Peer 1: 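Encoded as structure tokens, here's the structure I'll be asking about.
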Amino acid sequence: MMTLRATREFPLALRLLFINQFGVDIGFYLLMPFLAAYLEHGLGMSAALVGLVLGARTLSQQGLFILGGSAADRLGPRMVIIAGCALRTVAFALFAFGNSLPLVLAASLLSGVAAAMFYPAVRTYVALESGDRHAEAFALLNVYATVGSFLGLLLGSVLFMTDFRIFAVSGAAVCTVLTVAQAMVLPREAPVDTARSSVFADWREAFGNGRFLLFSFATTGMITVENQVYLLLPAGALKASGWTGSAGVLLALGALVNMLFQLRITRMLERHGGGLRWVSAGLVVMGLGFVPPLLVCEGTLSRGLADSVPRMLVLVLGSLMLYFGTMVAHPTVMEMIPRFGREALTGTYFGLFYVFSGLAAMGGNFVVGRAMDLGERTGLAWLPWIVCLGFGLASATAVSLLYRTFRLPGRTLLTSAPAAEAEIEGITAVRRMAMSRRNGSPRHAVARRMRAEHASAPLHPPSSPAGRGQTAPAGEGSRPQNPAPLSGPARAAGDAADQPPR
């Protein structure tokens, strides 16, 4: 399989991080989507206390992403990755053996802090260590995350009727193995220069980067649309098929197409000008993925196989469009984030982007949820689908404007410094030819022919994309899939949506 072959081409440390992402997502989706039911029915907590526990995790995760990113810059991503995985081990163990509110609340907080440390640090490590194959590395990270979340939810759904502690112990065991493996395999980094500016100065620099802020705002629609595999698509699949396990079909479909096509799509885009020029097109496809469900959303709950199969096929078509659009846009978005600033602030930029993404996901899901409620009350079942279409097209338009106005890193006129030198030499040759014509001397004939041949050579030969911080114009730049729960409590989808984007 292409995915496995490509994985083996990367260094051992990056291969471990791919597996790490796979294992972390298995553990998260094995446990978190079913936590609310356990707290309410297993420990007898009130709805208010359940909300407190779940909210503590969300707050600690979304609010501390920028701290996790800064820690990766200051301490090195290796140490932060190991610490984040170890904290998740402790959190899952507390969920398994804690039966009081203080212990469960501590477990929830630690789980959020672990995610806030792990996600920016892993992306920082991948961005710094993947050489000139950033897009492929982030594409593979996306594949492993998607398959891990699918398997986690699948196992969680199978074990849902058993003891929740089995989930927690299994998740803790997976994270323990990954923590030890990372400590043994990830190479130690060179000491970080501690004499540089303060953390607050780093944050001011990132917050003061207007291009990055515009890009983060432009991609909020992408984040919102991605998260609908938790909220709108499962509800649409249930209505279309009348089968509570129908969301699992869309989940399995997403994992399958990611494994088969993500790397192929990424490499194809690299061969056709780099992924940067195709991001807005991918966002358009993501938005248009909500058009086919408009054909079946007006109907009542499906009854019978003859009614459910055609309607479910329409949902599958829309889901495929969403998945393929995400495979086009998402790896390049992840690849571009550190290009907006200095390499020393790679983690800070990832952390800040995740803060914005978390806010976008929560706000976007609220808007879509309100549209779903309003559609049910007024009979306008098409309303939430139109809202998601609008999110996707608005995000595509915003990214396209940034691309066309040269506000995206790597989107400039020439491809590299050597290309600029070639153009200067060509212009000089043309000027010398003109002087030779004015002289009209036969002894300049050979020289004129040579200069003419040189001047007719391509002025923009293919070259590698401009590096970080390059000011000379360059070419196009190098360059959910998140699953829905299969079964279980209705709150599972909303809680799983707190995961950061891939």
Side-chain angles (χ1 to χ4, degrees), residues 1-7 18 21-22 25-26 29 135-155 157 222-234 236-237 240-241 245-272 275 278-279 281-293 309 311-335 388-389 392 396 479-486 493 496-497 499 501-502:
M1 181 182 290
M2 180 182 291
T3 299
L4 295 178
R5 288 198 302 270
T7 302
F18 298 150
Q21 185 69 63
F22 174 74
D25 276 287
I26 286 181
Y29 286 98
E136 285 192 25
F138 282 111
L140 286 173
L141 202 63
N142 188 38
V143 172
Y144 281 94
T146 303
V147 176
S149 57
F150 164 67
L151 291 179
L153 270 173
L154 181 63
L155 292 173
S157 299
M222 181 190 79
I223 304 303
T224 299
V225 169
E226 278 184 332
N227 272 270
Q228 296 320 302
V229 294
Y230 292 107
L231 183 61
L232 186 55
L233 284 177
S241 66
S246 57
V249 175
L250 304 183
L251 170 63
L253 181 67
L256 180 62
V257 298
N258 262 269
M259 286 189 294
L260 294 179
F261 298 109
Q262 174 68 87
L263 201 59
R264 289 180 170 88
I265 289 174
T266 301
R267 288 179 173 176
M268 181 186 68
L269 298 181
E270 290 292 298
R271 293 193 300 268
H272 292 81
W278 299 100
V279 171
L283 294 173
V284 169
V285 175
M286 291 175 68
L288 293 178
F290 294 91
V291 173
V309 170
R311 296 171 68 182
M312 193 63 187
L313 288 177
V314 174
L315 263 295
V316 166
L317 174 61
S319 300
L320 281 174
M321 294 176 67
L322 175 60
Y323 291 137
F324 277 98
T326 303
M327 286 187 281
V328 170
H330 190 92
T332 302
V333 169
M334 290 291 106
E335 176 196 10
C388 290
L389 171 63
R479 352 174 237 329
Q481 300 105 310
N482 293 336
L486 299 177
Q499 274 295 82
R502 305 298 181 198

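Remember, predicted model here, so these are calculated numbers, not experimental data. Each residue takes its place number in the sequence, starting with 1.
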Peer 1: Apply side chain to side chain contact (heavy atoms under 4.5 Å, CB included) to L315 and R311, showing your working.
Peer 2: CA-CA 7 Å; L315 263 295; R311 296 171 68 182; 5.8 Å; no
Peer 1: Would you say the side-chain atoms of N258 pair up with the backbone N or O of G254, donor to acceptor, closer than 3.5 Å?
Peer 2: yes
Peer 1: Would you give the length of the straight line joining atom CZ of F150 to atom CG of L251, rounded to the nearest 0.5 angstrom?
Peer 2: 5.5 Å
Peer 1: Which residue is it: V285, V284, V316? I am looking for the one with a side-chain contact (heavy atoms from CB on, under 4.5 Å) to M321.
Peer 2: V285
Peer 1: Might you work through the side chain to side chain donor-acceptor pair (under 3.5 Å) test for T266 and Q262, ending with a clear yes or no?
Peer 2: CA-CA 6 Å; T266 301; Q262 174 68 87; 3.2 Å; yes
Peer 1: Hey, what's the ring geometry for F22 with Y144, parallel, tilted or perpendicular (30° and 60° as the breaks)?
Peer 2: perpendicular
Peer 1: Measure the spacing between CG of L151 and OH of Y29 and express it to the nearest 0.5 Å.
Peer 2: 12.5 Å
Peer 1: For G289 and P293, work out which heavy atoms get closest and say how close.
Peer 2: O-CD, 3.5 Å
Peer 1: To the nearest 0.5 Å, what is the distance between CE (M222) and CG (L283)?
Peer 2: 6.5 Å
Peer 1: Quick check: closest heavy atoms across A135 and P331, and the distance to 0.1 Å?
Peer 2: O-CB, 4.0 Å
Peer 1: How about L263 and V143: do any of their side-chain heavy atoms sit closer than 4.5 Å?
Peer 2: no
Peer 1: Just do the side chain to side chain contact (heavy atoms under 4.5 Å, CB included) check on V257 and M327 with the steps written out, would you?
Peer 2: CA-CA 9 Å; V257 298; M327 286 187 281; 4.1 Å; yes
Peer 1: Is the backbone of T326 close enough, under 3.5 Å, to the side chain of H330 for a donor and an acceptor to pair up by distance?
Peer 2: no
Peer 1: Quick check: closest heavy atoms across A240 and M312, and the distance to 0.1 Å?
Peer 2: CB-N, 4.3 Å
Peer 1: Looking only at heavy atoms, what is the nearest atom pair of M286 and G325, with distance?
Peer 2: CG-C, 3.4 Å
Peer 1: Could you please spell out the steps behind the side chain to side chain contact (heavy atoms under 4.5 Å, CB included) verdict for W278 and T332?
Peer 2: CA-CA 9 Å; W278 299 100; T332 302; over 6 Å; no
Peer 1: Evaluate the criterion side chain to side chain contact (heavy atoms under 4.5 Å, CB included) for residue pair V229 and L250; output intermediate values, then yes/no.
Peer 2: CA-CA 8 Å; V229 294; L250 304 183; over 6 Å; no
Peer 1: Considering all heavy atoms of both residues, which atom of I26 and which atom of G148 are nearest to each other, and what is their separation?
Peer 2: CG1-O, 3.3 Å
Peer 1: How far apart are the C-alpha atoms of Y323 and T146, what are their side-chain angles, what is the distance that settles it, and do they pass the side chain to side chain donor-acceptor pair (under 3.5 Å) test?
Peer 2: CA-CA 11 Å; Y323 291 137; T146 303; over 6 Å; no
Peer 1: Closest approach of L232 and C388, non-hydrogen atoms and distance?
Peer 2: CD2-SG, 3.6 Å
